[in-house]
Every structure is written in C-alpha cells, then in structure tokens.
Amino acid sequence: MAAIALAVGLYLFQPWRLFTSSTVTEDIPAAAPAAVPSQESTAEPSAPAASATPSVPAAPAAPRELATGQLISHEHASSGTVRILELADGSRILRLEGLDTSDGPDLKVWLSDAPVIEGVAGWHVFDDGAYLDLGALKANKGDQNYEIPAATVLGDYTSVSIWCARFAVSFAAAELNT
C-alpha cells in the first residue's frame, strides 16, 4: 500500500523537477520580407527590351509592441518580462523575455482577465474568469514566443499567468500595460 501511495505521490508532484531546468532562446519572428522592385531602366522603343532588374527584398518592419508587463512571483520565485507584439504580417505573439522560474508539471502560458494580486491571494485567481491557453511553457528559462490566435480580442485580457494546470496554481503573473 505504501508503494502505491509513493508512486502516486511521485507521479503527481514530480519532485525531481525542483532540480531540473531547461532554457529556450527564440528570436522574435520576422515576417517574410516583401520584394520591392528596383527602378527599371527606360529603353527606347526601337531598342531591344532590357531585362528587368531583380527585386530587392525590403527590410522587414519592426514588430509593434501592443502591451508589456513584469512577471511577479506567485507559487515559485519568478522573474521576466512579458510583451505582446504585432508582427509585420499582422499576426501577434506573446513573448516571454528573460524568463526565470521553476520547472514544474503541466505548466501553461495563459492570457487572462484576472487581476494580478501579489502573495498567496493571487495564486488561484486565474482560472476564475476568462482565460486563453496559449500552450505549454517551452522551458522555465529564456526567451520564448507563443502565437496568439487571430480571432483573439486582446482587450478581453489584462494579464498573463504561468499556470500549473496540475495543481491549479499560478507560478508567476504579469499585469499587461498598453
């Protein structure tokens, strides 16, 4: 019986994750640059047609920052910056920069309408209202990007949480400022 209890406890709590860490370093994605035709040379009508000059790729437009926030610690000591960026092609991403938190079981990145409350009182509020799961946390350290679905109304969300789905607790959260 004790062996079963131990096995269940190990499965649920995954205590070895206190000693594991992973880092992801993703660049900000760039939309494919649009080709800008270079100036064509003019040819006289009687002259043979001049070959067109090849197109020169334009520099991609810089992403536009729509919102930003600083992570605060909840269940686990955490730090980093959250940015919501609109890319040149109109797509949007949530970007975690300089993330440093603990590893844990079933960690998710959520956009939420919940207020960011410091301390224990803020640990469990993010699943009380509307939230959008952007996917599993890629690593507990580094810079990482999460696609925001095109139909998402960003005004419906005021915060970001690194959410532990297994224990329904926030590891860290940031209020989004526009």
Side-chain angles (χ1 to χ4, degrees), residues 11-31 60-178:
Y11 171 76
L12 288 176
F13 290 97
Q14 299 179 359
W16 57 87
R17 290 200 175 238
L18 292 172
F19 308 104
T20 61
S21 181
S22 59
T23 301
V24 167
T25 305
E26 294 180 328
D27 291 329
I28 297 173
R64 186 169 64 105
E65 186 172 273
L66 303 177
T68 188
Q70 291 297 312
L71 288 170
I72 65 165
S73 299
H74 275 159
E75 172 69 20
H76 292 267
S78 303
S79 61
T81 301
V82 174
R83 297 172 66 200
I84 294 182
L85 302 174
E86 182 178 65
L87 305 179
D89 64 1
S91 63
R92 297 166 300 175
I93 61 167
L94 183 142
R95 180 165 172 81
L96 299 174
E97 294 180 337
L99 175 65
D100 188 359
T101 191
S102 299
D103 197 2
D106 206 12
L107 296 179
K108 306 287 185 179
V109 177
W110 281 7
L111 281 172
S112 171
D113 67 351
V116 175
I117 302 168
E118 292 191 35
V120 177
W123 291 10
H124 302 282
V125 301
F126 294 96
D127 60 348
D128 293 346
Y131 62 87
L132 176 63
D133 185 340
L134 298 180
L137 186 69
K138 297 174 183 177
N140 63 306
K141 296 183 185 301
D143 303 328
Q144 39 203 279
N145 305 311
Y146 298 86
E147 290 183 34
I148 298 173
T152 303
V153 177
L154 290 177
D156 292 348
Y157 303 101
T158 57
S159 61
V160 172
S161 175
I162 297 176
W163 184 256
C164 178
R166 173 143 321 142
F167 296 106
V169 66
S170 174
F171 270 38
E175 180 179 339
L176 292 171
N177 301 301
T178 54

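No experiment lies behind these values; they were computed from the predicted model shown.
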* When you look at Val160 and Leu111, which way does the side-chain contact (heavy atoms from CB on, under 4.5 Å) test go after all the steps? -> CA-CA 5 Å; Val160 172; Leu111 281 172; 3.8 Å; yes
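- Nearest heavy atom pair, residue Ile28 against residue Arg95, reads CG1-NE, 3.4 Å.
- Residue pairs meeting the salt bridge (Lys or Arg N to Asp or Glu O under 4.0 Å) criterion with at least one partner in residues 70-83, sequence neighbours excluded, are Glu65-Arg83, Arg83-Glu97.
- The two residues Ser78 and His76 have their closest heavy-atom pair at OG-O, 2.9 Å.
- The shortest side-chain heavy-atom distance between Pro63 and Leu87 falls under the 4.5 Å cut-off.
- Across all their heavy atoms, Gly142 and Thr23 have their closest contact at CA-CG2, 4.2 Å.
- Contacts of Trp110 classified as ring pair (Phe, Tyr, Trp, His ring centres under 6.0 Å), with partners at least two apart in sequence or in another chain: Tyr131, Trp163.
- The line from CG of Leu137 to OG of Ser22 is 7.5 Å long, rounded to the nearest 0.5 Å.
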Extract all donor-acceptor atom pairs below 3.5 Å that involve side chains of residues 171-178 and protein atoms in other chains or at least two apart in sequence.
none

Report, one line per pair, each donor and acceptor closer than 3.5 Å where one atom sits in a side chain of residues 152-159; sequence neighbours left out.
residue	atom	partner	partner atom	Å
Thr152	OG1	Pro149	O	2.9
Thr158	OG1	Asp113	O	3.4
Ser159	OG	Ser112	O	3.3
Ser159	OG	Ala114	O	2.8

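- Atom CG in Leu85 sits 11.5 Å away from atom CZ in Arg92 (nearest 0.5 Å).
- Lys108 contributes atom NZ, which lies 15.0 Å from atom OG of Ser170 (distance to the nearest 0.5 angstrom).
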* Between His74 and Ile72, does a side-chain contact (heavy atoms from CB on, under 4.5 Å) hold up when you go through it step by step? -> CA-CA 7 Å; His74 275 159; Ile72 65 165; 3.9 Å; yes
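- Annotation: the span from Leu134 atom CG to Leu94 atom CG amounts to 6.0 Å, rounded to 0.5 Å.
- Note that CG of Leu96 is 5.5 Å distant from OH of Tyr146, once rounded to the nearest 0.5 Å.
- Tested against Leu99 for a side chain to side chain contact (heavy atoms under 4.5 Å, CB included), the candidates Asn140, Val82, Ile162 yield a single pass: Ile162.
- Residue pairs meeting the salt bridge (Lys or Arg N to Asp or Glu O under 4.0 Å) criterion with at least one member in residues 130-140, sequence neighbours excluded, are Glu26-Lys138.
- The shortest distance between side-chain heavy atoms of Cys164 and Leu107 falls below 4.5 Å.
- Side-chain contact between Ile93 and Ile148: absent, with no pair of heavy atoms (C-beta onward) separated by less than 4.5 Å.
- For Asp100, the salt bridge (charged side-chain N to carboxylate O under 4.0 Å, His left out) criterion is met by Lys141, not counting sequence neighbours.
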